[in-house]
Every structure is written in C-alpha cells, then in structure tokens.
Amino acid sequence: MIVAEMVKSSEVTLQNYKSEQKPTWCAGCGDFGILNAIQMALLALNIPPYKALIASGIGCGSKLPDYINANGYLTIHGRALPVLTGIHLANHELVTIAVTGDGDGYGIGGNHFMHAMRRNINITHIVENNQIYGLTKGQYSPTTDKGMITSTSPEGAIEYAVNPITWALAAGATFIARGFANDPKKLTNLIQAAIKHKGYALIDVLQPCVTYNKQNTKEWYEERIYYVDKIPDYNPKDIKKAFSIGLEWGEKIPCGVIYQTEKETYEDNLFQITEEPLVEQVVSPSLEDFEKIKSKYY
C-alpha cells in the first residue's frame with residue numbers, strides 16, 4: 001500500500017505526482033506514455049495525489065503505482081477490479097483507477113472485468129494492452145492475434161483474439177474508449193473524460209511491447225490507427241454504430257471515445273453511503289447491540 005502526502009488542490013503541480021522510484025520498464029516501452037498521461041490527466045483535473053488511488057495486478061504495467069506519487073494498492077494477478085471496488089465503496093470520494101495488463105485484465109481477471117461493467121461501478125479501468133504477457137517472458141495473451149508466434153505458440157497462436165471493445169459493449173459498460181500509448185496527448189484527454197464519467201469507464205490502451213511483441217510495433221499501430229471523432233456526425237451514444245466500429249481490427253483500428261451513455265451506478269443504490277463515505281462514518285455499537293446480533297444465531 002502506498003499512501004500519498006496531503007497537497008492542497010490549489011498547490012498541485014506535475015512534480016507532486018512524481019515518485020522517487022525509477023521505472024524499470026524496457027527503453028521504448030509504451031508504459032512510459034501511459035504513466036505520463038495519467039499524471040497529466042490528474043493534473044489537468046486538479047486532483048491532488050492524496051485524492052487519487054491506483055490499484056493494479058501483476059505485470060510490467062502493474063508496477064505503475066510505484067512510479068506515481070498517489071495512493072496505490074498492488075493486488076494479486078487478475079484481482080485489481082474487485083479490490084478497487086471495495087476501496088471505492090469504502091471511500092467513494094477518491095478518484096479510483098485500475099491499471100491492468102491485457103492478460104491481467106482480460107484473461108486472469110476476465111470474470112471480474114465482466115461484472116464490474118454490468119454493475120457500472122464508478123471507477124476508471126486503464127488496460128495496458130500490448131497483446132502479450134511481457135513480465136513472464138512473452139507468452140501469448142487473450143488479445144494476441146491468431147497465428148502470432150510466441151514462446152507458448154511456436155507454430156502460431158491457434159485461438160482467436162478477444163475484442164475488448166465489443167466485449168465491453170455486450171457487457172453493458174457505459175464508457176468505452178481506446179487510446180494509443182505513443183500518443184500521450186490524446187490519451188491524456190481520454191483519461192480525463194473517463195475520470196469525469198459517472199460509472200465504469202474502460203480505456204483499452206494499445207501499448208507496444210518492444211521486447212516480446214515484434215509484430216504489433218509502434219509503426220504497425222501508427223499505420224492503422226484513426227480517431228472516431230474524425231468521422232462526420234459520429235455519435236458515441238449510438239450503440240449499433242459503436243458495435244460496427246468496434247469490430248474493426250487489422251487494416252483499420254479505431255481509437256477515441258467509441259461509446260458513452262448514462263445510467264445509474266452501483267453506488268446510486270447504496271443508501272449507506274448517500275450522505276458520507278463509509279470511512280468517515282462513526283460506528284459505536286453497544287454491548288446490547290452485539291447481544292441482539294448473537295441472539296439471531298442461537
């Protein structure tokens with residue numbers, strides 16, 4: 001657990017988000033762009049470090065909470081979303097962000113991913129999608145393209161890749177976006193929009209792995225990526241159009257806010273936190289109260 005120092009909103013600068021820990025990522029890794037974009041988004045929204053909490057799982061990118069001066073919680077593989085859900089419900093005044101890899105978020109944590117979307121819990125989920133398991137030496141992941149040769153698919157992956165965009169649409173996510181780690185300015189804007197969105201917000205970030213993924217390189221992405229806000233009259237509230245756009249992969253890869261809608265959040269139905277966060281509520285049960293509870297189990 002990493003706890004950020006108190007800094008007033010009026011005094012926040014980019015330096016306040018800088019950690020004393022130096023990233024151990026490979027030179028050229030897309031995670032540097034993601035880290036920078038998160039810091040810039042928090043600064044742009046004037047959110048002091050002690051008001052933000054970032055939870056991660058296991059993986060190269062999941063080291064990120066160590067490299068940013070904010071509250072952080074490093075969980076086990078695939079469990080960032082349920083842990084962050086608990087943290088958020090205990091103190092919903094925090095800006096809560098999950099940072100996971102594609103294997104961590106879509107594979108090992110896939111079940112939690114689905115249920116976080118249908119609950120519409122008010123958290124931001126940033127997935128560092130490098131289409132490979134990087135930390136564990138290049139095994140194919142849920143988003144690895146069919147046919148790709150990896151350390152665990154020497155003759156080419158035989159499975160079809162997961163499509164996070166259409167998966168999220170089908171599961172009921174209320175904010176779905178895709179960004180590119182090597183375009184931190186646009187990614188910063190997407191993260192700002194996700195944080196301001198009321199409900200579960202997914203940003204699938206295409207993130208080149210310079211060590212283990214020699215297929216989906218920075219240049220490969222740049223030749224294919226386009227932003228949906230350049231489409232004339234594109235309406236992110238149109239779920240049918242979002243499905244159509246979301247199915248695109250290969251020759252063309254859509255980025256930007258692909259879908260956004262409004263509906264009640266999980267917290268809207270919890271009367272216990274209507275007036276104040278749980279962490280600020282004073283609970284002083286008497287011995288008589290405990291005896292009443294015990295009596296129900298006799």
Is the side chain of [X] donor-acceptor paired with the backbone N or O of [Y] at a distance under 3.5 Å, no angle test?
X    : Y    : result
S153 : E155 : no
K63  : G59  : no
E128 : A181 : no
D104 : G78  : yes
T124 : I97  : no
D238 : N235 : no
T143 : V162 : no

Residues that, via side-chain heavy atoms closer than 4.5 angstrom, fall in one hydrophobic cluster with Y133 = I108

Residues clustering with L135 (ILVMFWY side chains joined when closer than 4.5 Å, directly or via others) | I58

Per-pair distances, 0.1 Å, donor-acceptor, side chain in residues 26-38, under 3.5 Å, sequence neighbours excluded:
unit_1 : atom_1 : unit_2 : atom_2 : d
D31    : OD2    : G61    : N      : 3.4

Only distances under 3.5 Å count here; give the side-chain donor-acceptor pairs of residues 200-207 to other protein atoms, sequence neighbours excluded, each with its distance to 0.1 Å.
unit_1 : atom_1 : unit_2 : atom_2 : d
Y200   : OH     : H125   : ND1    : 2.8
D204   : OD1    : Y106   : OH     : 2.7
D204   : OD1    : N129   : ND2    : 3.1
D204   : OD2    : R178   : NE     : 3.3

Side chains of [X] and [Y]: donor-acceptor distance under 3.5 Å anywhere?
X    : Y    : answer
Y160 : T144 : no
E267 : H88  : yes
N120 : T265 : no

Using side-chain hydrogen bond (donor to acceptor under 3.5 Å, both in side chains) as the criterion, list what pairs up with H77, not counting sequence neighbours.
-> none

Quick one: does NZ or CZ of K186 land under 6.0 Å from the six-membered ring centre of Y227, within 45 degrees of the ring axis?
-> yes

In this structure, are over 12 heavy atoms from other groups packed under 6.0 Å from E222 atom CD?
-> yes

In plain terms, say whether D268 and K198 are close enough for a salt bridge, that is, a side-chain N and a carboxylate O under 4.0 Å apart.
-> yes

Side-chain atoms of residues 245-256: list all donor-acceptor pairs with protein atoms under 3.5 Å, sequence neighbours left out, distances to 0.1 Å.
unit_1 : atom_1 : unit_2 : atom_2 : d
E248   : OE1    : Y226   : OH     : 2.5
W249   : NE1    : D145   : OD1    : 3.1

